[in-house]
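Excluded from the calculations below are hydrogen atoms, water molecules and symmetry mates; all remaining heavy atoms, backbone and side chain alike, are included. By convention in this document, chain letters (A, B, ...) are assigned in the order of the sequence lines, proteins followed by strands, and residues within each chain are numbered from 1. What you see is a predicted model; the values in this text were computed from it and never measured.
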Amino acid sequence: MSLRTHTCGELRASHSGQTTTLCGWVEGRRDHGGVYFVDLRDRYGVTQIVFEPGSDAHKVASEFGTEFNVRVTGTVRLRPSGTVNQERATGEIEVYASSAEILNASKVPPFEITDKLDTTSELRLKYRFLDLRRRPMQRSLIARADFTRGVRNALAGRGFVEVETPMLTKATPEGARDYLVPSRVHPGQFYALPQSPQIFKQILMIAGLDKYFQVARCLRDEDLRADRQPEFTQIDIEMSYPEPQDVWAAVEASITAGYREAFGVDLNPPFPRIPYREAMARFGIDKPDLRFGMELVDLTEFSKSCGFRVFREAAEQGGIVRGINASGAGGWSRKEIDALSQFAVDHGGKGVAWLRVTDAGLDGSIAKFFDDGAKEALRNALAGRVGDLLLFGAGDETTVNNVMGPLRHHLGDKLGLRPFGTFKLAWISDFPLFEKNTKTGALEPTNHPFTAPSEMNLAKLSAALESNPLSLGGRGYDLVMNGWELGSGSIRIHRRDVQERIFEFLGLSRREYEMKFGFLLEALEYGAPPHGGFAYGVDRCVALGLGLDSLRDAIAFPKTQAASCLMTGAPSTVSDQQLSDIHVRTVL
RNA sequence: GGGCGCGUAGCUCAAUUGGUUAGAGUACCGGACUGUCGAUCCGGUGGUUGCGGGUUCGAGCCCCGUCGCGCUCGCCA
């Protein structure tokens with residue numbers, strides 16, 4: 001037996017005349033000097049309760065305060081004509097209370113439990129139990145559950161086996177810092193919390209599971225952003241004997257099912273495939289927002305013979321010059337344009353050059369450097385029409401892309417070209433196997449060191465590694481949506497000799513890689529099948545599906561930017577006894 | 001680790017740019033009102049201006065430090 005017979009969201013005109021008992025939170029009491037109207041809320045909705053003066057129920061209700069948890073018994077009846085609330089599913093009826101009971105009083109809440117909340121994230125996170133009582137947050141959690149259920153069903157239906165992998169494990173090779181857990185039994189030794197189940201899922205392929213997936217918790221000890229939490233959830237997938245298209249099909253089927261379940265949206269697979277080089281050329285970024293055009297235009301050749309020294313020198317010295325037409329932004333103020341330059345500086349550039357397209361031709365800071373013919377050429381190259389703003393970046397390729405890619409998204413935001421409700425996904429494929437760390441100059445794996453090179457012949461691979469490693473292709477791919485990276489994956493290395501060769505190239509000594517990955521290398525020697533997979537972020541999928549500004553609203557109990565949990569107070573100091581148990585001494 | 005922003009009543013904000021007793025809305029408390037649904041009307045309580053220093057006759061406002069929250073670059077797939 002439940003304390004209630006119905007929820008606060010289910011009573012309709014058809015229940016009229018029935019006796020009902022509801023439980024929920026008091027959203028407010030309207031006192032007319034006689035009759036009280038109380039809105040009673042639970043997860044399912046809000047129902048109006050009427051208390052007539054003189055009744056016992058009315059006496060109890062006079063004690064009701066905001067967010068009290070109460071139980072009310074009464075009769076469902078149609079509202080008098082003219083008092084129907086059209087905005088509420090239960091608006092045709094009300095419950096005429098015969099008895100009431102306060103299950104639990106409430107302190108005055110620090111903020112109102114309302115859909116449109118205007119308060120700091122600090123308060124919301126401290127009182128997360130109140131924040132999560134709000135409808136938008138419950139919608140978010142429910143959508144998340146719907147999403148993972150859709151994904152699970154789709155993958156299970158395709159023969160994928162859900163397997164759990166350890167949380168206490170060994171440091172994984174992704175570049176991020178590990179969260180460490182000291183071992184009590186092994187003084188001075190540590191587990192790492194998984195950055196991803198990467199190696200375990202490869203091991204599962206070697207074990208013959210053939211198709212694996214997991215709704216996997218991943219933890220990375222790096223600085224946070226609005227779109228980044230220290231612990232997050234990925235749909236982790238791995239298959240044996242796949243071509244990339246097989247992995248993509250599994251991902252497409254699962255994410256599409258998730259979006260259908262959670263948001264009623266069809267993502268229209270298959271998603272287009274854009275090679276990495278093409279993405280960089282057209283958008284300057286490997287996670288382009290494809291909801292709008294405004295593609296970058298290469299002006300390097302033009303610049304080699306142009307009158308503007310900044311462009312000419314960039315082009316002559318092996319750099320690039322790229323333009324973008326912020327169509328319709330010609331009316332932006334000098335201040336707004338200066339802000340774009342600052343944006344460029346923030347992203348490592350020196351600023352942006354700009355030209356306005358006006359009735360009288362091109363004008364702006366750099367117009368004087370171009371003769372009429374050059375102006376015409378520029379305008380044609382960028383398809384400039386009157387009222388457009390043309391922006392330019394010049395310099396080495398990396399810097400220009402680092403500015404122009406994010407700038408395109410920024411312009412899209414300002415011009416309203418990134419509306420919620422449209423979902424454009426694409427596979428970014430053919431990543432180079434390595435990329436240069438801009439700080440140290442060292443070559444690092446673009447994805448991780450297990451991504452298969454396009455060349456699996458050891459002799460040819462070695463030759464490529466020695467001659468021109470940056471030109472070496474990898475079999476990795478990303479999935480992007482609306483300018484966010486949803487996930488990445490690859491066909492893996494399934495042979496020990498190739499894997500060792502890659503480790504060596506990355507500067508790991510035999511001793512080192514044996515110590516870190518010896519178990520994987522050994523497993524590869526026991527008939528490891530060719531395999532590959534993918535992992536994509538649940539939190540991001542939910543945030544994008546709901547149009548949330550922050551990942552925090554897609555997670556029940558998120559951390560602050562400083563990785564604290566304001567509700568529990570984690571992290572915190574522990575007792576000396578706990579520290580000595582695990583053989584740890586702090587050195588603050 | 002760096003840059004920027006914010007921190008004033010439970011909450012959201014203001015305070016004529018350093019000047020008398022720090023205000024408003026809302027919430028809360030009390031009163032009035034029998035059909036409201038952001039109820040309405042009247043009255044009231046409520047402040048270590050995040051914290052610690054400094055400058056000044058005088059600091060919510062200026063300076064230094066510190067803590068918290070957010071955005072961001074680095075970092076991170």
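B:rU21 adopts an anti glycosidic conformation, its chi angle falling more than 90° from 0.
At a cut-off of 3.5 angstrom, the base of B:rG35 holds at least one donor-acceptor pair with the side chain of A:Glu94. Within 3.5 Å, no donor on the side chain of A:Gln342 pairs with an acceptor on the base of B:rU72, nor the reverse. Side-chain to base pairing of A:Asp346 with B:rC73: no donor and acceptor N or O lie closer than 3.5 Å to each other. Not a single donor-acceptor contact under 3.5 angstrom links the side-chain atoms of A:Arg29 to the base of B:rG38. Residue-to-nucleotide contacts include no donor-acceptor pair under 3.5 Å from the side chain of A:Arg220 to the base of B:rC76. Checked by distance alone, A:Glu112 brings no side-chain donor or acceptor within 3.5 Å of a matching partner on the base of B:rU26. Looking at A:Arg79, its side chain comes within 3.5 Å of the base of B:rC37 through a donor and an acceptor atom. Donor-acceptor pairing under 3.5 Å, judged by distance alone, is absent between the side chain of A:Arg30 and the base of B:rG38.
Nucleotides B:rU16 and B:rG60, compared at atom C1', are 15 Å apart to the nearest Å.
Using a 4.0 Å cut-off between charged side-chain N and carboxylate O, A:Glu222 and A:Arg228 make no salt bridge. Ion pairing of A:Arg134 with A:Asp553 is absent here, as no side-chain N (NZ or NE/NH1/NH2) approaches a carboxylate O to less than 4.0 Å.
A:Phe431 and A:Tyr276 have tilted rings, their planes meeting at an angle from 30° to 60° on a 0 to 90° scale.
Judged by closest nucleotide on RNA chain B, A:Asp31 is the one of A:Glu444 and A:Asp31 placed further toward the 5' end. Mapping A:Thr446 and A:Leu566 onto RNA chain B via the closest heavy atom, the residue that lands nearer the 5' end is A:Leu566.
Taking atom NE2 of residue A:His409 and atom C1' of nucleotide B:rU72, one finds them 17 Å apart after rounding to whole Å.
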Report, one line per pair, each donor and acceptor closer than 3.5 Å where one atom sits in a side chain of residues 107-118 of chain A; sequence neighbours left out.
residue: A:Asp115; atom: OD1; partner: A:Arg135; partner atom: NE; Å: 3.2
residue: A:Asp115; atom: OD2; partner: A:Arg135; partner atom: NE; Å: 3.3

